[in-house]
Amino acid sequence: MSETVRANGLDIYYRREGQGPPLVMLHGATSMGTHDWGAQRPLLRSDFTLYMPDARGHHRTVYDVREGWSRAALVDDALAFADALGLERFHIMALSMGARTAVELAARHPARVVSMLMIAPALRPEPAASVARRRMDPDRLLAEDPVWVSELEQRHDPHQGEGSWRRLLDAIREDSQQLAEVTPEELRRIRLPALLVVGDDDPWMPLDEAVRVKRQLPEGKLLVVPDCGHVVEAERPGVFNPAMTQFFRRTRSLA
């Protein structure tokens, strides 16, 4: 079921499906609520109620990024989204941009989060800033990856306005140049079951950074997926899905 809820000054569009304890699923940059989780939703919706919101400025959560867009605002959006739906405690699964949102939310409000599975959050200024300069450049993408540009246009422009895909990329790239570090002190406040997943060839989160983050999480576990880049759940679902299922089976009853 697709719905909207008013939260933090936005009409946040989301999809809800399944039954059981709440699991909030946060997508990656330039994506949308349901897109990143196609291979996981059928495995989860018999045990969880899945909540898949579109982030501000993405797909159907309408927001003009020219008014100012930041990852910090996404944390406030996610908490307000949970509050508006009456989700007192919830599990989180999140990718990339969404995973950083999840980490910051759990660090600020650890009592609200039951467990957290995060795929490749960028928690330090580098290499995120350098990668974003290359990969979030609209002109470069038009020349090198017109198929992806077409996907972005179809995903965002009908809801956000003509040319919104380009403005969104510019906003994400600009925010990446000002990214603050999530500190070890903040990570140590996340005292809950946490599984960090990275591909061994991920430019956004190198392996040494993943190991550093895992060591700061009091209940953290790390899964490194071989021969894999950034979007682990889509690139290697055969490896990711069993680990995901085992993690949430173990933590489902904690709420």
Side-chain angles (χ1 to χ4, degrees), residues 4-14 24-36 51-84 92 94-108 118-142 145 148-149 151-182 186 203-205 230-231:
T4 60
V5 65
R6 188 71 178 173
N8 202 29
L10 301 170
D11 291 318
I12 297 180
Y13 178 89
Y14 69 101
V24 177
M25 304 167 74
L26 303 177
H27 63 76
T30 77
S31 191
M32 55 185 275
T34 57
H35 179 76
D36 292 333
Y51 295 87
M52 295 164 281
D54 292 346
R56 65 167 58 208
H58 289 68
H59 193 47
R60 293 191 179 189
T61 296
V62 176
Y63 175 75
D64 188 344
V65 298
R66 290 171 292 192
E67 296 181 8
W69 186 95
S70 71
R71 288 170 174 82
L74 301 184
V75 182
D76 295 333
D77 293 346
L79 183 62
F81 174 77
D83 287 343
I92 301 180
L95 167 68
S96 190
M97 177 188 78
R100 181 183 171 105
T101 299
V103 169
E104 292 197 61
L105 191 156
R108 295 182 198 176
M118 50 194 159
I119 305 171
L123 303 182
R124 278 184 163 177
E126 288 293 348
S130 298
V131 176
R133 280 196 297 271
R134 296 194 307 272
R135 301 200 174 194
M136 297 292 175
D137 180 342
D139 293 327
R140 175 180 171 273
L141 288 174
L142 278 167
D145 198 349
W148 190 42
V149 168
E151 291 177 8
L152 294 177
E153 284 182 310
Q154 293 175 45
R155 180 178 301 154
H156 302 299
D157 285 19
H159 312 288
Q160 307 284 342
E162 184 178 356
S164 62
W165 72 272
R166 174 185 285 272
R167 294 190 293 272
L168 179 61
L169 285 175
D170 285 338
I172 294 169
R173 188 179 71 250
E174 181 178 344
D175 183 69
S176 297
Q177 309 313 304
Q178 308 166 51
L179 205 60
E181 179 178 357
V182 177
E186 290 173 302
W204 294 91
M205 190 174 209
H230 186 56
V231 190

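Within the 4.5 Å cutoff, side-chain heavy atoms of W165 are placed close to those of P138. Counting only heavy atoms from C-beta outward, the side chains of D137 and L169 never approach each other to under 4.5 Å. R100 has its side chain within reach of L179: a pair of non-hydrogen atoms, C-beta onward, lies under 4.5 Å apart. Annotation: side chain of L168 is not in contact with side chain of Q160 (no heavy-atom distance under 4.5 Å). Between M205 and P127, the closest side-chain pair of non-hydrogen atoms is not below 4.5 Å.
Distance check, rounded to the nearest 0.5 Å: CE of M52 to OH of Y13 gives 10.0 Å. Taken from CG in L95 to NE2 in H35, the straight-line distance is 10.0 Å, to the nearest 0.5 Å. Atom CG in L26 sits 9.0 Å away from atom CG in L74 (nearest 0.5 Å). Rounded to the nearest 0.5 angstrom, R56 CZ and W69 CH2 are separated by 9.5 Å. Rounding to the nearest 0.5 angstrom, the gap separating the OG1 atom in T101 from the CD1 atom in I92 is 9.0 Å.
Residues satisfying the side-chain contact (heavy atoms from CB on, under 4.5 Å) test with E67, not counting sequence neighbours, are Y63, D64. Taking the salt bridge (Lys or Arg N to Asp or Glu O under 4.0 Å) definition, one finds that R166 meets it with D139, sequence neighbours left out. D11 pairs by the side-chain contact (heavy atoms from CB on, under 4.5 Å) definition with R6, not counting sequence neighbours. In this structure E186 satisfies the side chain to side chain donor-acceptor pair (under 3.5 Å) test together with T183, sequence neighbours excluded. Residues meeting the side chain to side chain donor-acceptor pair (under 3.5 Å) test with E126, sequence neighbours left out: S130. Checked against side-chain contact (heavy atoms from CB on, under 4.5 Å), V5 has the following partners two or more places apart in sequence or in another chain: I12, Y14, F81, A84, L85. For S96, the side chain to side chain donor-acceptor pair (under 3.5 Å) partners are H230, not counting sequence neighbours. Residues meeting the side-chain contact (heavy atoms from CB on, under 4.5 Å) test with P158, sequence neighbours left out: none. D145 meets the side chain to side chain donor-acceptor pair (under 3.5 Å) test with no other residue; sequence neighbours excluded. Take R108 and apply the salt bridge (Lys or Arg N to Asp or Glu O under 4.0 Å) test, not counting sequence neighbours, and it matches D76, E104. Every residue two or more places apart in sequence or in another chain was checked for a salt bridge (Lys or Arg N to Asp or Glu O under 4.0 Å) with D36, and none qualifies. Looking at residues two or more places apart in sequence or on another chain, you find no salt bridge (Lys or Arg N to Asp or Glu O under 4.0 Å) involving R155.
The number of heavy-atom neighbours closer than 6.0 Å to CD of E162, taken from other residues, nucleotides and ligands shown, is 12 or below.
For an aromatic pair to be called close, the ring centres must be under 6.0 Å apart, and H159 with H59 satisfies this. For an aromatic pair to be called close, the ring centres must be under 6.0 Å apart, and H58 with H27 satisfies this.
Of the possible donor and acceptor atoms, one in the side chain of T61 sits under 3.5 Å from a partner among the backbone N and O of D54. Listed for the S31 side chain is no donor-acceptor partner under 3.5 Å among the backbone atoms of G28. No donor-acceptor distance shorter than 3.5 angstrom exists from the side chain of N8 to the backbone of A80, with no hydrogens or angles considered.
Checked by atom type, the side-chain pair T4/R60 shows no donor-acceptor distance below 3.5 Å. Using modelled atom types, one finds a donor on one side chain and an acceptor on the other under 3.5 Å when comparing R133 with Q177.
Comment: D170 engages R173 in a salt bridge, judged by a side-chain N to carboxylate O separation of less than 4.0 angstrom.
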Worksheet item: Hey, mind stepping through D175 and S70 against side chain to side chain donor-acceptor pair (under 3.5 Å) and telling me if it holds?
Response: CA-CA 6 Å; D175 183 69; S70 71; 4.8 Å; no
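D157 and G163 get closest at one heavy-atom pair: OD2-N, 3.0 Å. Listed here is the closest heavy atom pair of S176 and R71: OG-NH2, 3.1 Å.
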